[in-house]
Chemist: 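Starting off with a structure, shown below.
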Protein chains: 2
Amino acid sequence: MATIYDVARRAEVSPATVSRVVNGHANVDPALVERVRRAMQELGYRPNAVARNLRRSRTTLWAVIIPDVGDPFYTSMVRGVEDAARLAGFSLVLCNADDDEDKEGGYVDAALAEQMAGVIVAPAGPGAPHVRRLMDARVPVVVVDRQAADLRVDTVLVDNELGAQAATAHLIEAGYRRIACVTGPRTASTATQRADGYRQALQEHGRPVDDALIRYTGIQEQAGYDAMRELLALGERPDAVFAAGNRLALGVLRCLQDRAVSVPGEVGLVGFDELPWAPLIRPALTTVAQPTYELGRSAARLLSERIAEPGRPPSTITLATHLEVRASSARFGRVNGG
Amino acid sequence: MATIYDVARRAEVSPATVSRVVNGHANVDPALVERVRRAMQELGYRPNAVARNLRRSRTTLWAVIIPDVGDPFYTSMVRGVEDAARLAGFSLVLCNADDDEDKEGGYVDAALAEQMAGVIVAPAGPGAPHVRRLMDARVPVVVVDRQAADLRVDTVLVDNELGAQAATAHLIEAGYRRIACVTGPRTASTATQRADGYRQALQEHGRPVDDALIRYTGIQEQAGYDAMRELLALGERPDAVFAAGNRLALGVLRCLQDRAVSVPGEVGLVGFDELPWAPLIRPALTTVAQPTYELGRSAARLLSERIAEPGRPPSTITLATHLEVRASSARFGRVNGG
DNA sequence: GTGCGACGTCGTAGATGGTCGCCATCGCTC
DNA sequence: GAGCGATGGCGACCATCTACGACGTCGCAC
């Protein structure tokens, strides 16, 4: 691999001049620029980013740490990050933490060691100790999707509470009377906020809140399946379910289908977070759609701004959701069978 | 940020000794090891990977370049790569080329500049000029999913031809008589191989091959939709479709549903490549399941081996598919309506 | 016309953080 | 006392950037 010295020798200039040409600095004789350009061409010279990063003690890489690459919610978000990062001149390193705090920690270590210019993280756990570690090391960080408890850090969220409220209100207004809520673990801010929104909607409509109908579980499909099975075993079955997560909703639906419970005939269903294939599932799922792409874009913008101005006070951006009404929450009593 | 010199000073040893401790080299007095360990702890020392990479002129990063992070086929493959890479001590940089050869080229440039230890690429286009560039720079490369024309390079593929043959044979045996094939662009080896398998199955069963029933299109859902619309407009409609891609199959299905053509009542359907939500789609899609995870693992293993032994002749691994029979290809004539 | 300062241009050299080959030293054993 | 192995330090090196200084030229003022 040709180095800057090889180019310098061939162009009969100093390495400093080559560096200036490469980095587009002013005050270089156009004739020399031309000579250097040609030499680079002839040698197939490609600047060594590693050496450059060392010397400059900064890179143009962002780490994006997400809990699951298989979840379209995150991949769509990543696209938003990517487009904005590209505009700002950064490249992405996508890290799949697999819902595992240790793996997440490993990636944070790597980000620190590799002197990443910034990190965007959707934390796997609640405490977000790794976020603190990044902040202590003065690495620009943006937290997305879930809130990091007690940390003053740039954050981008969706309005989970309002979204859940809208979903629940929709079920109430569609005539459902006994509405359950299947949400994620208590440790996830998204899960508790969605449960809060669900409760609020019930109260606002003068409905009782029955804690037996609220299930805090995991976030995987199986968790939704199991929670639904428990709900069906109750003395008084729910006639609708608000599933506060896309994979949870799939699990709930699969359970209902396995038990031959018709949706929305016997049980209405609303999910949280859009799925790319939602229209193809039968019944088509009513969901609280999140602006995933915009979530990523906003996070990227916050990160750019923090890198440019490290001292600024952290800000939180909250994006609105909107309810996408489909068949799975059709008016109670009007549809029979599925 | 503490450097190796700070640690050395605090532990009253030389930087070299600290380096030896960090890298677990032999022949260091246990007492010194302990002193160094404590000093690192106290200073919160973290080795600078950039400097290390520069000195060693190698890194522990692999670039994985895929055409679409939104496609579960690739994300599942990435998980396979990730697990195997982790075992071999490498981390992943996931690059989303967005089906765009220029973006792909940009990521290849970055991989070269950042001195990545290796690259796994599912090429966006046919010629794979970027793969050649990597090989010229002596960067270990493995190509997955699609074949890079005329390049002697480590490759991991699935047996597309055999898979397509099985899918088509299945439709024939289920009683369908006029089977169409919707496949990707002619430039993709996967698309042409699957079309070949389709043709072979017809011939083996003594059926005529009607070129009007073979559609080379794109790979997105919309391409499948449009192709199906054209097929429906034919004088003599097909009574079954082999859609040689998961997104293509979705498009085909959506088109059929929009036109109120019942599946499998009026038209049978087999897709290629599993979808995580396939069981929830109605009708459940029969698909040629690919060993996506295994694909990634094999690619990672090949890359490890090439890094260890750069001179070895390139090899190609071909993995088998298997047909996952579901409702969408139920026996012709037995099911009416959908 | 000469002198001086400013400015444009380019090269030298040091710095970045860590690694590793080589060599010196030390202690032990025979 | 010689030889050997274990141990640890010195200093070169990786490729690049950049502060500083040197040099030359030009313009302006006296």
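Proteins come first, then strands; the chains are lettered A, B, ... in the order of their sequence lines, and each starts at number 1.
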Chemist: Contact class for B:Val18 (heavy atom, under 4.0 Å): base, sugar-phosphate, or nothing?
Modeler: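 Contact class for B:Val18: none.
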Chemist: If you look at every strand shown and take non-hydrogen atoms under 4.0 Å, does B:Val50 touch a base, only sugar-phosphate, or nothing?
Modeler: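 If one applies the 4.0 Å heavy-atom cut-off, B:Val50 turns out to touch nothing in the nucleic acid.
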Chemist: State whether the side chain of A:Ser304 and the backbone N or O of A:Ala300 hold a donor-acceptor pair below 3.5 Å, judged by distance alone.
Modeler: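 It does hold such a pair.
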Chemist: Where along residues 52-62 of chain B does a heavy atom come under 4.0 Å from DNA chain D, residue by residue in number order?
Modeler: B:Leu54, B:Arg55
Chemist: Nearest whole Å is fine: how far is C:dT16 P from A:Gln115 CD?
Modeler: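 The distance from CD of A:Gln115 to P of C:dT16 comes to 13 Å, rounded to the nearest Å.
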Chemist: Donor-acceptor check, side chain of B:Arg35 to backbone of B:Ala11, threshold 3.5 angstrom: yes or no?
Modeler: yes
Chemist: Mind checking side chain to side chain donor-acceptor pair (under 3.5 Å) for A:Arg312 and listing every partner two or more places apart, or none if nothing turns up?
Modeler: A:Glu305
Chemist: Given C:dC20, C:dG11, C:dG18, identify the nucleotide with an atom nearest to the side chain of A:Thr17.
Modeler: C:dG11
Chemist: Take B:Asp29 and B:Ala51, find for each the nucleotide of DNA chain D with the closest heavy atom, and name the residue whose nucleotide sits nearer the 5' end.
Modeler: B:Asp29
Chemist: Based on the rotation axes of five pairs at each end, what angle does the helix from C:dG1-D:dC30 to C:dC30-D:dG1 bend through, to 10°?
Modeler: 50°
Chemist: Indicate whether OP1 or OP2 belonging to C:dC20 is found under 4.0 Å from a side-chain N or O atom of B:Ser19.
Modeler: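 Indeed not, no polar side-chain atom of B:Ser19 lies that close.
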Chemist: Counting side-chain heavy atoms from CB outward, which of C:dG18, D:dT16, C:dC10 is closest to A:Val28?
Modeler: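 Output: C:dC10.
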Chemist: Give a yes or no on this: more than 12 heavy atoms of other residues, nucleotides or ligands lie within 6.0 Å of atom CZ of A:Arg132.
Modeler: no
Chemist: Round to the nearest Å and state the distance from A:Asn48 atom CG to C:dT16 atom P.
Modeler: 19 Å
Chemist: Just call it for B:Val22: base, sugar-phosphate, or nothing, with non-hydrogen atoms closer than 4.0 Å on any strand.
Modeler: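 No contact.
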Chemist: List in chain and number order the residues that pass side chain to side chain donor-acceptor pair (under 3.5 Å) with B:Glu82, two or more places apart in sequence or in another chain; answer none if no residue qualifies.
Modeler: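 Per chain and number, B:Glu82 pairs via side chain to side chain donor-acceptor pair (under 3.5 Å) with A:Asn96, A:Tyr107.
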Chemist: Can you name the residues that form a salt bridge (charged side-chain N to carboxylate O under 4.0 Å, His left out) with B:Asp68, not counting sequence neighbours?
Modeler: A:Arg79, B:Arg247
Chemist: Holding to ring pair (Phe, Tyr, Trp, His ring centres under 6.0 Å), I want the full list of residues that pass it with B:Tyr45, two or more places apart in sequence or in another chain.
Modeler: none
Chemist: Report yes if a donor N or O on one partner sits less than 3.5 Å from an acceptor N or O on the other, where the partners are the side chain of B:Tyr5 and the base of C:dG18; otherwise report no.
Modeler: yes
Chemist: Round to the nearest Å and state the distance from B:Glu114 atom CD to D:dC14 atom P.
Modeler: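 The distance from CD of B:Glu114 to P of D:dC14 comes to 20 Å, rounded to the nearest Å.
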Chemist: With sequence neighbours excluded, tell me which residues meet side chain to side chain donor-acceptor pair (under 3.5 Å) with B:Ser76.
Modeler: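 Per chain and number, B:Ser76 pairs via side chain to side chain donor-acceptor pair (under 3.5 Å) with B:Thr292.
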Chemist: CG of B:Asn23 versus P of C:dG18: gap in Å, rounded?
Modeler: 11 Å
Chemist: Check whether any side-chain N or O of B:Ser14 sits under 4.0 Å from OP1 or OP2 of D:dG9, and answer yes or no.
Modeler: yes
Chemist: Just the table, please: protein N/O against nucleotides 22-26 of chain C N/O, every pair under 3.5 Å.
Modeler:
none

Chemist: In whole Å, I'd like the distance from the CD1 atom of B:Ile4 to the C1' atom of D:dG8.
Modeler: 14 Å
Chemist: Could you give the NE2-to-C1' distance, from A:His25 to D:dA19, as a whole number of Å?
Modeler: 13 Å
Chemist: Can you measure B:Glu12 atom CD to D:dG9 atom C1' for me and round it to whole angstrom units?
Modeler: 15 Å
Chemist: Between A:Asn27 and C:dG8, does any side-chain N or O lie under 4.0 Å from OP1 or OP2?
Modeler: no
Chemist: Partners of A:Asp6 by salt bridge (charged side-chain N to carboxylate O under 4.0 Å, His left out), sequence neighbours excluded?
Modeler: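 Counting only residues at least two positions away or on another chain, A:Asp6 forms a salt bridge (charged side-chain N to carboxylate O under 4.0 Å, His left out) with A:Arg9.
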Chemist: When all nucleic acid strands are considered with a 4.0 Å heavy-atom cut-off, which category describes A:Pro15: base, sugar-phosphate, or nothing?
Modeler: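 Nothing, no nucleic acid heavy atom in range.
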Chemist: Got a sec, which residues hit side chain to side chain donor-acceptor pair (under 3.5 Å) with B:Gln290, two or more places apart in sequence or on another chain?
Modeler: none
Chemist: More than 12 foreign heavy atoms under 6.0 Å from CZ of A:Arg186: is that the case here?
Modeler: no
Chemist: Not counting sequence neighbours, which residues clear salt bridge (charged side-chain N to carboxylate O under 4.0 Å, His left out) with A:Asp154? List them please.
Modeler: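 If we apply the salt bridge (charged side-chain N to carboxylate O under 4.0 Å, His left out) test to A:Asp154, skipping adjacent residues, the hits are A:Arg306.
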Chemist: Just jot down the salt bridge (charged side-chain N to carboxylate O under 4.0 Å, His left out) partners of A:Arg297, sequence neighbours excluded, or say none.
Modeler: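 Checked A:Arg297 against salt bridge (charged side-chain N to carboxylate O under 4.0 Å, His left out); matches are A:Glu294.
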